[in-house]
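See structure below.
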Amino acid sequence: MNIVVLVKQVPDTWSERKLTDADHTLDRESADAVLDEINERAVEEALKLQEAHGGEVTVLAMGPDRATEAIRKALSMGADKAIHVSDAALHGSDVLATAKVLAKAIGTVEGVDLVIAGNEATDGRAGAIPAILAELLGLPQVTQVRKVEIDGTTVKAERETEEGVAFLEATLPAVVSVTEKINEPRYPSFKGIMAAKKKKVDTLSVADLGLDPAEVGLTGAWSSVLEAAPKPPRSAGQRVEDDGNGGAQIAEYLVGQKLI
Amino acid sequence: MDFTLDEDQREIRDWVRTFVRREITPLEPEVLRRERNGRPGLTRDELRELQLKAKEAGFFGVLTPQEYGGMGLGAVMTALLESELGRSFVPFRFGGYADNILFHGNEEQKERYLLPTISGERISCFAITEPGAGSDAKAIRTSARQDGSDWIINGEKTFITQGNDADFTMVFAVTDKEKGADGGVTCFLVDRDMGWKSEPIDTMGEWGPAALVFEDVRVPKESVLGEVGKGFQLAMQWIGQGRYLLPARAIGSCERLVEMAIEQARTRVTFGELLAERQAIQWMIADSAVEIEALRWLVLHAAWQVDQGMDSRQAQSIAKLYGGVKANEIVDRVLQIHGGMGYTRELPIERWYRELRLLRIYEGTDEIQRRTIARNLLKGHAKIGGSLV
């Protein structure tokens, strides 16, 4: 059971996050960077499946040099090895380019049975990578799941959406994306932290993956951001004095805002 | 000169940061609620449960040597961890700690006191301070007289940390009045069931020490820790073990407080303008930031000296003094920036205000630190500018 887990280093949701003025991409310098929490859950699920079925867990990340910190965190949780795709040409890649790169990188791992991702990163929030990736790899996609089981060569999962829960099955290899209900991630152990630095991390460039730099990054992006503005500060709001018809006033306000 | 953390340090620090966010900080509202009702913020069982959770990941006995099952992380790393823990006022600490002087026990004493203290089955308390002997520890009057092969202890101790929960104490008593501190004080390991009693002392903070009373408490000769008459050296060793860790914790508290102040300044509007626009507030934030940075490097430098096996007493006193004074100035400013809200018990600022006040008193008051620093300089034990070697 060889598993590839997609991980991403994101700005810490506890710190202030913003976009750069120059090209409206994420300002990675302004905030602390961490392994996205949903990826911790993805790693946790991979480790649990590995404990039950054996095999190897490979962590795959695309990101600047600094992303090695997020990779190390995943390795200290217990993953076996890692691939880090790092290249200046990747700056500003959209979801399509990112998925293309990840698909190529997954191709460098032998005998992959399962790709596990978080359903959506806390920074970009497109939530599209797992589906696009599955399409590019020609694999079944089992996305947004709260439970995963492997039975022989079949993956069984519970997909939870606003409409309800769907029970899905697919034949391995497959791409799975998990929601935050999937598990509680373990803390890396002190031993794990010490062992992580000895684990193998392959660093690959766009050229190593056989891709044309023009296909990725800002130049290869299918969409472009023309303008970005921070969310305006919260206004003072409207005060309702209850002189007997407070309820009606609130209802009126909500109707005015088209909330009811 | 390299000020970067190495990878291990960064990962260990981040581990603790995550643990504090996920396990400790969420407890804050409940801890405040309980304390407002006069109850302890965290019960002993809850603390132990959290400690065991950390232990599962190997975070246990941060300073305890590895041969005793600890992590043996060293002073710099411990200072970094302590400052992360300080970001919450929840009274959490890692398990697996034992007083440094217990490592001086004989094999039987280690079995009976040291190992169970490390594992958390037993709780110790260090008892030297008396109503008439605080900073002036040489003035202790608690006595132990020999009766056959036993010793009989009489006296009163006060402000004893963990004294209410401890099931044994390391008590210091005069065994030779003539010699006094110089060969006449002995340390005894005394189980609570040998007859000493404790009485809680209410303080301004949420932390409550105890008074201990010894009335003809008979202990066997096996209770002596180290040698008869060599107790005062042990006491000094205990007191000197981790002075840098007290201001280390305050770094985290001050960081959190100033973050709160920044948030308040950015959102609070008075007379049509944000507090952030007002120079008086900006200066308070700027001064606090400068002092936190200065404190961080003082603490890390003192800890580094400990790790290098250097004589770190001067550096530790400097860090402790600066931390105590500045943390109190910072919490006062942050409270001021919050105005009336800062004074309420809705926010934890007043709690920190009360707690941080202790930093200027325990483990050597500001005045004692100043005395130490000045004497070291005047007697030539330390040089101005001598910290860079």
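Reminder, nothing fancy here: chain letters follow the sequence lines and each chain counts from 1. On a predicted model such as this, the values are computed, not experimentally measured, just so you know.
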Task: Sub-4.5 Å side-chain heavy-atom contact between A:Asp12 and B:Arg21 - done: yes
Open item on the list: For A:Glu40, which atoms come within 4.5 Å of any heavy atom of chain B: side chain, backbone, both, or neither?
Closed with: side chain
TODO: Answer yes or no: are there more than 12 heavy-atom neighbours, outside A:Tyr253 itself, under 6.0 Å from its atom OH?
DONE: no
Open item on the list: Using side-chain heavy atoms (C-beta onward) and a distance below 4.5 Å, is B:Arg22 in contact with A:Glu37?
Closed with: yes
Task: More than 12 heavy atoms of other groups within 6.0 Å of A:Glu180 CD - done: no
Open item on the list: Do A:Tyr187 and B:Glu23 make a side-chain contact, defined as non-hydrogen atoms from C-beta onward lying under 4.5 Å apart?
Closed with: yes
- [ ] Give a yes or no on this: more than 12 heavy atoms of other residues, nucleotides or ligands lie within 6.0 Å of atom NZ of B:Lys110.
- [x] yes
Open item on the list: If you count heavy atoms of other groups shown closer than 6.0 angstrom to CD of B:Glu49, is the number above 12?
Closed with: no
- [ ] Examine whether an atom of B:Phe60 lies under 4.5 Å from a heavy atom of chain A, and if so say whether it belongs to the side chain, the backbone or both; otherwise answer neither.
- [x] neither
Open item on the list: Quick test of your reading of the model: are B:Glu7 and A:Lys198 salt-bridged, counting only N-O distances below 4.0 Å?
Closed with: no
- [ ] Could you tell me whether the side chain of A:Met194 reaches within less than 4.5 Å of the side chain of B:Ile12, counting heavy atoms only?
- [x] yes
Task: Partner chain A: residue of B:Arg10, B:Glu11, B:Lys53 with the largest heavy-atom pair count (under 4.5 Å) - done: B:Glu11
Open item on the list: So for atom CG, which belongs to A:Asp21, do other residues, nucleotides or ligands contribute more than 12 heavy atoms lying within a distance under 6.0 Å?
Closed with: no
Task: Positions in residues 50-78 of chain A that reach chain B, provided some heavy atom is under 4.5 Å away - done: A:Glu69, A:Arg72, A:Lys73, A:Ser76
Open item on the list: At a 4.5 Å cut-off on heavy atoms, which part of B:Thr18 comes close to chain A: side chain, backbone, both, or neither?
Closed with: both
TODO: Select one option (side chain, backbone, both, neither) describing which atoms of B:Leu274 are under 4.5 Å from chain A's heavy atoms.
DONE: neither
Open item on the list: Test your reading of the model: is there a side-chain donor-acceptor pair from B:Trp15 to the backbone of A:Pro188, 3.5 Å cut-off?
Closed with: yes
- [ ] Look at atom OH of B:Tyr353 and say whether more than 12 heavy atoms of other residues, nucleotides or ligands are closer to it than 6.0 Å.
- [x] no
Open item on the list: Could you check whether atom NZ of A:Lys48 has more than 12 heavy atoms from other residues, nucleotides or ligands sitting under 6.0 Å from it?
Closed with: yes
Open item on the list: Tell me which of these, B:Glu56, B:Glu259, B:Met71, has more heavy-atom pairs under 4.5 Å with chain A than the rest.
Closed with: B:Met71
TODO: Keeping to residues at least two apart or across chains, list the salt bridge (Lys or Arg N to Asp or Glu O under 4.0 Å) pairs with something in residues 59-80 of chain B.
DONE: none
